[in-house]
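To keep things clear, I will list the structure first and then write my remarks on it.
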2 protein chains.
Amino acid sequence: MASSVSLAEIRKLSPEADKSWLDTIIKGDCVAALEALPAGSIDMIFADPPYNLQLGGDLTRPDQSAVDAVNDHWDQFESFQAYDAFTRAWLLACRRVLKPNGTIWVIGSYHNIFRVGSSLQDLGFWLLNDVVWRKTNPMPNFRGRRFQNAHETLIWASRDADAKSYTFNYEAMKAANDDVQMRSDWLFPICTGGERLKDENGRKVHPTQKPEALLARIMMASSKPGDVVLDPFFGTGTTGAVARRLGRHFVGVEREDSYIDAARKRIDAVEPLGKAELTVMTGKRAEPRVAFNVLIEAGLIRPGQVLTDSRKRFKAIVRADGTVVADNVAGSIHKVGAAVQGFDACNGWTFWHTEKDGELAPIDEFRTIVRAEMARAG
Amino acid sequence: MASSVSLAEIRKLSPEADKSWLDTIIKGDCVAALEALPAGSIDMIFADPPYNLQLGGDLTRPDQSAVDAVNDHWDQFESFQAYDAFTRAWLLACRRVLKPNGTIWVIGSYHNIFRVGSSLQDLGFWLLNDVVWRKTNPMPNFRGRRFQNAHETLIWASRDADAKSYTFNYEAMKAANDDVQMRSDWLFPICTGGERLKDENGRKVHPTQKPEALLARIMMASSKPGDVVLDPFFGTGTTGAVARRLGRHFVGVEREDSYIDAARKRIDAVEPLGKAELTVMTGKRAEPRVAFNVLIEAGLIRPGQVLTDSRKRFKAIVRADGTVVADNVAGSIHKVGAAVQGFDACNGWTFWHTEKDGELAPIDEFRTIVRAEMARAG
DNA sequence: GGCTGATCTGAATCATCTA
DNA sequence: GTAGATGATTCAGATCAGC
């Protein structure tokens with residue numbers, strides 16, 4: 001499952017046809033490694049970049065941007081600049097491989113997340129949410145000079161400002177959250193216990209292993225089964241393990257052999273879930289469209305029938321062509337519904353009702369019947 | 001108490017002896033106004049700058065009513081560069097008037113907070129914490145395209161990296177927080193009800209008035225009685241009102257006359273607390289709400305597992321997204337529980353059971369386990 | 001006055017498909 | 001690409017109307 005491939009091997013293959021990089025860990029620096037992947041090939045990215053600000057020689061590209069600040073903190077400023085250059089480089093590489101409707105998640109702490117967020121904005125990503133991971137069991141502040149650092153911040157962004165059809169499983173998130181919208185503050189324990197990878201001496205393999213529950217929430221929210229999820233700082237492969245379990249493909253980039261080895265073993269041991277368990281809750285948006293006149297043709301509504309709103313303040317009469325008429329307005333169920341209320345818009349399906357045995361029922365119920373028949377007919 | 005003084009008036013006085021600007025609102029642009037204050041004269045700054053929301057078209061609620069958006073002229077910026085220049089200018093002005101051991105708080109949303117955080121770091125401030133204000137009652141996401149934006153971010157920073165003796169009332173915070181360290185995630189309602197300033201027509205005076213509880217937490221944590229607290233974007237004077245109540249001096253800078261008038265009346269009506277009452281204040285605590293997917297994420301319930309009612313008449317299968325499926329219905333535990341019984345509503349927590357060692361137990365028992373952990377995290 | 005249910009509102013970067 | 005039509009979408013809490 002999780003085998004390592006060389007860059008050269010990938011490059012000599014046709015990028016179009018080549019899918020050999022799916023479900024693999026690419027060894028190397030993330031900017032260079034990502035150049036080997038085809039543009040627009042990734043559905044979702046999760047990135048947990050280093051936030052050590054004393055980066056030294058690890059940075060890959062010189063900074064090209066002008067410095068217009070004047071202050072007496074040159075040393076410090078230079079290291080922020082270096083971190084910014086590093087950040088822009090890997091974010092640009094990620095942006096190239098991301099599909100137009102793909103999204104990226106980046107996690108960080110107050111040491112680096114403001115640099116990351118600014119860079120995302122500067123490079124043209126469009127921020128969708130910032131999400132707070134509240135830790136149930138954070139490390140205490142030992143010196144008592146600050147608040148206990150009990151959260152980390154995630155940024156969720158689309159590739160472009162006008163990206164509209166990115167994946168967000170709104171109904172699934174809501175249904176899973178006691179039927180109320182999922183908020184931007186999430187509560188999870190940090191990664192400890194059996195989930196935490198240890199070496200033969202009982203020492204943790206990676207210093208900042210993220211909990212699988214966090215990655216699962218992210219992937220369930222913003223990806224679909226079969227999607228390709230990239231992690232440019234793969235570490236010990238939490239992203240890969242969760243992706244495999246949830247029926248997503250992964251690509252990881254990692255420099256350290258010890259992490260790659262641990263990740264590969266870990267991912268190979270994962271048992272993927274079945275199709276039924278992975279089916280995602282969808283809402284009306286995903287249902288096939290039904291035109292109003294189909295209800296007439298099916299005999300569920302007849303021409304001349306009277307429609308009213310739920311409080312019987314307005315009424316409209318159905319015409320044979322699938323339009324309706326109220327006082328001085330005629331048109332679609334939506335147009336007429338909006339007009340009688342004086343609104344710009346209206347969902348006619350839920351606004352208009354018919355009377356059946358003395359009880360009012362929205363015409364949307366007939367649409368449900370039609371949809372069920374459509375589903376049976378394929 | 002809260003009188004307005006002209007810049008010229010302040011300037012002609014000796015800056016050393018002059019304290020006439022204490023407990024006043026200075027009318028004008030904040031950068032220019034701050035030039036009139038002596039350097040190193042401020043103990044703590046709270047700043048609620050424009051967020052640069054970049055809103056597109058109008059937004060309507062599902063009932064077609066209009067959302068009252070923040071589209072004020074003061075929140076319009078041409079570009080991120082323009083916003084950054086504005087941010088650096090006012091932060092530099094703040095830095096000059098801040099005492100060497102003073103600290104600054106800035107609040108923002110994901111639209112601007114990354115720019116603010118980066119600028120703070122670039123200008124030599126030293127970040128101490130980022131703090132999350134979790135809203136008990138945030139505005140919903142009306143289109144279902146993102147997570148509900150349920151928090152705002154505060155950054156707390158000292159003037160310099162090597163500042164050691166800034167004020168942090170660690171013991172008071174801990175005592176106020178049930179004798180455990182105060183965390184970086186705080187829970188408060190947004191400012192509504194009697195606290196929200198309204199004009200004679202019942203409309204809100206300021207679009208973004210902050211709750212006094214938030215300011216009280218900030219001042220109790222990071223200032224002492226008698227300290228001078230500056231607010232460069234004073235608005236309707238929440239900072240001034242809380243400062244006066246808590247025995248701190250304030251200085252406010254504000255451009256709009258209507259806000260200044262409202263703030264002055266408001267502050268004059270504040271009754272300062274006595275010395276004894278200034279010691280410990282407590283905040284509201286969370287009512288632990290647990291969603292079904294938390295049990296999955298915690299590994300207490302696994303995707304594919306079968307749930308039944310107490311008499312095993314109905315069964316449902318758990319999916320990875322936190323929804324469940326029975327015969328022809330899918331959705332939340334509540335929705336599906338209601339559907340299989342033919343009811344309108346159902347408490348899925350007590351209706352659905354799992355089998356463990358041949359005995360049925362309601363899934364509510366798992367929730368109890370999770371609640372214990374959540375309680376620890378506040 | 002008290003209770004019940006309807007209405008209103010809050011820092012919001014909030015569509016998608018067909019012609 | 002753009003214009004027009006379809007039709008999807010809200011939580012907590014304060015306030016108010018009506019009994």
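Each chain gets a letter, A, B and so on, in the order the sequences are listed, and its residues count up from 1.
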Exercise for review: Take nucleotides 2-9 of chain D nucleotide by nucleotide from the 5' end and write B, S or -, depending on whether a protein heavy atom sits under 4.0 Å from the base, only from the sugar-phosphate, or from neither.
Suggested key: ---SBBBB

Revision key, fill the gap. In B/S/- notation (B base, S sugar-phosphate only, - none; protein heavy atoms under 4.0 Å), nucleotides 14-19 of chain D written 5' to 3' is SS----

Check your understanding: Counting only distance, no hydrogens or angles, is the base of C/dA11 paired donor-acceptor with the side chain of B/Lys210 under 3.5 Å?
Key ->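 Side chain to base: pair found, below 3.5 Å.
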
Point to revise | Separation between the C1' atoms of D/dT15 and C/dA11, rounded to whole Å | key: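 Straight-line distance between the two C1' atoms is 22 Å.
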
Under 4.0 angstrom, heavy atoms only, what part of the nucleic acid is [X] near: base, sugar-phosphate, or nothing?
| X | result |
| --- | --- |
| A/Leu128 | nothing |
| B/Asp48 | base |
| B/Gly57 | base |

**Study point:** Nucleotide paired to D/dG4 in any strand shown, Watson-Crick or G-U, under 3.5 Å
**Key:**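 C/dC17 is the nucleotide pairing with D/dG4.
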
Check your understanding: Who does D/dA14 pair with, Watson-Crick or G-U, both distances under 3.5 Å?
Key ->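 Its partner is C/dT7 (Watson-Crick or G-U wobble, both distances under 3.5 Å).
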
Practice item. Could you tell me how the ring of B/Phe86 sits relative to the ring of B/Phe233: parallel (under 30°), tilted (30 to 60°) or perpendicular (over 60°)? Key: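 Tilted: the ring planes of B/Phe86 and B/Phe233 meet at 30° to 60°.
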
**Study point:** Plane angle bin for A/Trp105 and A/Trp186 - parallel if under 30°, tilted between 30 and 60°, otherwise perpendicular
**Key:**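 A/Trp186 vs A/Trp105 ring planes: tilted.
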
Check your understanding: Hey, does the side chain of B/Arg203 come within less than 4.0 Å of C/dG10's phosphate (OP1/OP2), counting only N and O?
Key ->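 For C/dG10, neither OP1 nor OP2 has a side-chain N or O of B/Arg203 closer than 4.0 Å.
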
